[in-house]
Asks: 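Pasting in a structure now, in structure tokens, and then I'll have a few things to ask.
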2 protein chains.
Amino acid sequence: MDIQYALLGYLSWQPFSGYDLKKLISESDLFYWSGNNNQIYNSLVDLYKRGLVSKEVQLQESLPSKKIYTITQEGRAELHRQMLAAPELPDCHNNFLIQLAWAGDLSPEEIDTLLASYEEEISVQLRMRQVRAGVQPASDPGSEARQPIPNRTAREQYLWQKIAENMLAQYQHELDWVRQVRSDLSASTGWTGCAWRALDEDQS
Amino acid sequence: MDIQYALLGYLSWQPFSGYDLKKLISESDLFYWSGNNNQIYNSLVDLYKRGLVSKEVQLQESLPSKKIYTITQEGRAELHRQMLAAPELPDCHNNFLIQLAWAGDLSPEEIDTLLASYEEEISVQLRMRQVRAGVQPASDPGSEARQPIPNRTAREQYLWQKIAENMLAQYQHELDWVRQVRSDLSASTGWTGCAWRALDEDQS
DNA sequence: CTTGTCATGTAAGAGGTTACATGATTCG
DNA sequence: CGAATCATGTAACCTCTTACATGACAAG
């Protein structure tokens, strides 16, 4: 349950409703999230049961009533405990690599088409995330980087920036990798269209 | 269900038992896997129901009987269809980044301890995977790179090598990143132990 | 005498996804 | 008139993880 940790983290800044938290999490690239609310509302109920947050219902005229959650002392203690926990290794589920692993029997053209569409997807994703992270393409002066919650400490801002850089660099690396694989493969079919095929048939 | 795809992939090489497949998958770094067998045996049953593999029971004296699975024509067709499917984006679950996101209130020493233990874990993992992938530390002539199934085509071998490089590079990048963050943070507490603290208290 | 290998499975539970449900209001 | 926003939730489902179960044999 790492979504709970994220919820508790946001609530350590200020009280929020479930709806607010949903938006914060869906707008942030840090939290991989299915996009549906069920998990957040259930987690909040659970946090409440465990006494880590308190709840206050705000009635609104002609709008559904809000539930404002506030972090408790126990919540802050739990958050602090989690902060110091032994770090986990990242686990990356890259289905494309699995797909590629068995793609050796495809024709060079088919493989290249596959790699090209992966390259395109990664590059779109990278650009999207760059924009959201406030990386501007050197021109385009308008549109400031989004700053959802200001007034954080300098160290915290530094950490958030480094986290964003980490994730962007991963997409960048993936893009460089796929481009390199494509150029390798096209180079080797380039010299000798049948060199690969000859090798292949040699061993099969 | 990407484990099924991997199973079908291995079975496209040659027939295997569930136990064999379990070992292949657990020894390979490509497939993130909980380490338990349930998923594999169930997936094989499912593949069998869908007619993608056939099954043959081999009785052995004084050993449990084996079930040897062989890929069918429909299985090969399905594998080929999956090969050409639209690639998915990688989804990386890096819990450490989430942990770090809320660690801004820790003391510089506590953050560095946290980063140091992450660095250690990544570096251990990287070395382990380098060894398994056959990357030798320039000395140490013995111990060849493991080659579970030889007789693959040259293109396939190239792809598997690139896949391994991709994953190693990701760990390497993670290691570089955490080292850079550590040196940044220690540098800024170095010049002025209280510069950070002053900034922090300014804004809180 | 305990641990590991061979070889298969069941059962329970945690976790996450998809879809459905409500109902007023505002914007194009 | 249809779609999006605000705001919360339920129910069914699928996947994955954890733990348990068997039973002979070999190695330290």
Side-chain angles (χ1 to χ4, degrees), chain A residues 1-8 10-11 15-27 30-50 53 55-70 88-89 91-95 98 148, chain B residues 1-8 10-11 15-27 30-50 53 55-70 88-89 91-95 98 148:
Chain A
M1 260 288 159
D2 31 71
I3 197 92
Q4 287 200 1
Y5 187 48
L7 294 173
L8 222 45
Y10 278 121
L11 291 173
F16 285 111
S17 71
Y19 194 77
D20 293 333
L21 290 164
K22 190 180 100 176
K23 280 206 298 182
L24 283 169
I25 286 181
S26 67
E27 278 163 17
L30 221 188
F31 313 102
Y32 39 86
W33 181 53
S34 71
N36 226 324
N37 34 15
N38 155 306
Q39 225 179 324
I40 285 171
Y41 288 117
N42 284 347
S43 292
L44 283 169
V45 168
D46 193 60
L47 288 173
Y48 180 70
K49 274 188 203 154
R50 290 164 61 200
V53 298
K55 183 166 57 171
E56 189 203 348
V57 180
Q58 246 182 30
L59 292 163
Q60 300 175 114
E61 46 177 88
S62 83
L63 270 179
S65 56
K66 284 182 170 190
K67 292 184 180 173
I68 306 292
Y69 292 93
T70 307
E88 287 173 55
L89 286 170
D91 54 332
C92 199
H93 294 219
N94 195 338
N95 280 343
I98 299 182
Chain B
M1 262 286 160
D2 30 71
I3 196 91
Q4 288 201 0
Y5 188 47
L7 294 174
L8 222 45
Y10 278 121
L11 290 173
F16 285 109
S17 71
Y19 194 77
D20 293 333
L21 290 164
K22 191 181 100 175
K23 280 206 298 183
L24 283 170
I25 286 182
S26 67
E27 278 163 17
L30 221 190
F31 313 102
Y32 38 85
W33 182 52
S34 70
N36 225 323
N37 33 15
N38 155 304
Q39 224 178 323
I40 286 172
Y41 288 115
N42 283 348
S43 292
L44 284 169
V45 169
D46 194 59
L47 288 173
Y48 180 70
K49 274 189 203 154
R50 289 164 61 198
V53 298
K55 185 167 54 174
E56 188 202 347
V57 180
Q58 246 181 31
L59 291 163
Q60 300 177 115
E61 45 176 88
S62 84
L63 271 180
S65 56
K66 285 183 173 195
K67 292 185 180 171
I68 306 293
Y69 292 93
T70 306
E88 287 173 55
L89 286 170
D91 55 334
C92 197
H93 293 218
N94 194 336
N95 280 343
I98 298 182

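Chain letters run A, B, ... following the sequence lines, proteins first, then strands; residues in each count from 1. This one's a predicted model, so the numbers in the text were calculated from it and none came from an experiment.
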Asks: Separation of B:N42 atom CG from C:dA12 atom C1', in whole Å?
Replies: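 Distance check: B:N42 CG to C:dA12 C1' gives 13 Å.
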Asks: In whole Å, I'd like the distance from the OH atom of B:Y32 to the C1' atom of D:dT17.
Replies: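 Nearest whole value for this atom pair: 15 Å.
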Asks: At 4.0 Å (heavy atoms only), tell me whether B:N38 reaches a base, stays on the sugar-phosphate, or touches nothing.
Replies: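 Base contact.
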Asks: Please give, in whole Å, the distance from D:dT17 C1' to A:H93 NE2?
Replies: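 So the NE2-C1' distance, A:H93 to D:dT17, works out to 12 Å.
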Asks: Does any part of the side chain of A:T70, heavy atoms only, come nearer than 4.5 Å to the side chain of A:E56, both counted from C-beta?
Replies: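 Answer no - side chains too far apart.
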Asks: Taking atom P of C:dG16 as reference, at what distance in whole Å does atom CH2 of A:W33 sit?
Replies: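 After rounding, the reported distance stands at 13 Å.
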Asks: Measure the distance from CG on B:L44 to P on C:dG9 and round it to the nearest whole Å.
Replies: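 Going from CG in B:L44 over to P in C:dG9 covers 9 Å.
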Asks: Given atom CZ of B:F16 and atom P of C:dC6, what is their separation to the nearest angstrom?
Replies: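 For the pair B:F16 CZ and C:dC6 P, the rounded distance is 14 Å.
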Asks: Tell me the interatomic distance from B:Y19, atom OH, to D:dT22, atom P, rounded to whole angstroms.
Replies: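 Checked: the OH to P distance equals 19 Å.
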Asks: On DNA chain C, nearest-nucleotide positions of A:D2 versus A:N37: which is more 5'?
Replies: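 Comparing both residues, the 5'-ward one is A:D2.
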Asks: When you measure from the side chain of A:K67, which nucleotide among D:dT17, D:dT8, C:dG9 comes out closest?
Replies: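 Selected nucleotide (nearest to the side chain): D:dT8.
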Asks: For D:dT15, does either OP1 or OP2 sit under 4.0 Å from a side-chain N or O belonging to B:Q39?
Replies: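 Answer is no, no contact under 4.0 Å.
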Asks: For the side chain of B:S17, counting heavy atoms from C-beta on, which of C:dT8, C:dC6, D:dT8 is nearest?
Replies: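 Closest nucleotide to the B:S17 side chain: C:dT8.
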Asks: What is the distance, to the nearest angstrom, from the NZ atom on A:K66 to the C1' atom on C:dG23?
Replies: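 Computing the A:K66:NZ to C:dG23:C1' distance gives 17 Å.
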Asks: Hey, are A:S17 and A:D20 close enough side-chain-wise for a donor-acceptor pair under 3.5 Å?
Replies: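 Looking only at side-chain atoms, A:S17 and A:D20 do form a donor-acceptor pair, the distance falling under 3.5 Å.
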Asks: Relative to each other, are the rings of B:Y32 and A:H93 parallel, tilted or perpendicular (30° and 60° limits)?
Replies: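 Parallel.
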Asks: Return the nearest nucleotide to the side chain of A:P64; candidates are C:dG23, C:dG9, D:dC16.
Replies: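 So the nucleotide nearest the side chain must be C:dG23.
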Asks: Is B:D91 close to A:N95 at the side-chain level, that is, under 4.5 Å between some pair of heavy atoms?
Replies: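 No, too far: nothing below the 4.5 Å cut-off.
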Asks: Please state whether the phosphate of C:dA7, meaning OP1 or OP2, lies under 4.0 angstrom from any side-chain nitrogen or oxygen of B:Q60.
Replies: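 B:Q60 to C:dA7 OP1/OP2: side-chain N or O found under 4.0 Å.
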Asks: Establish, with yes or no, whether the OP1 or OP2 oxygen of C:dG9 is under 4.0 angstrom from a side-chain nitrogen or oxygen of B:Y41.
Replies: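 Answer is no, no contact under 4.0 Å.
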Asks: Under 4.0 Å from OP1 or OP2 of C:dT5: is there any side-chain N or O of B:K23 that close?
Replies: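 False: B:K23 side-chain N/O out of range (4.0 Å or more) of C:dT5 OP1/OP2.
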Asks: Looking at A:Y41, I'd like to know if its OH atom is crowded, meaning that more than 12 non-hydrogen atoms belonging to other residues, nucleotides or ligands lie closer than 6.0 Å.
Replies: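 Correct, the count exceeds 12.
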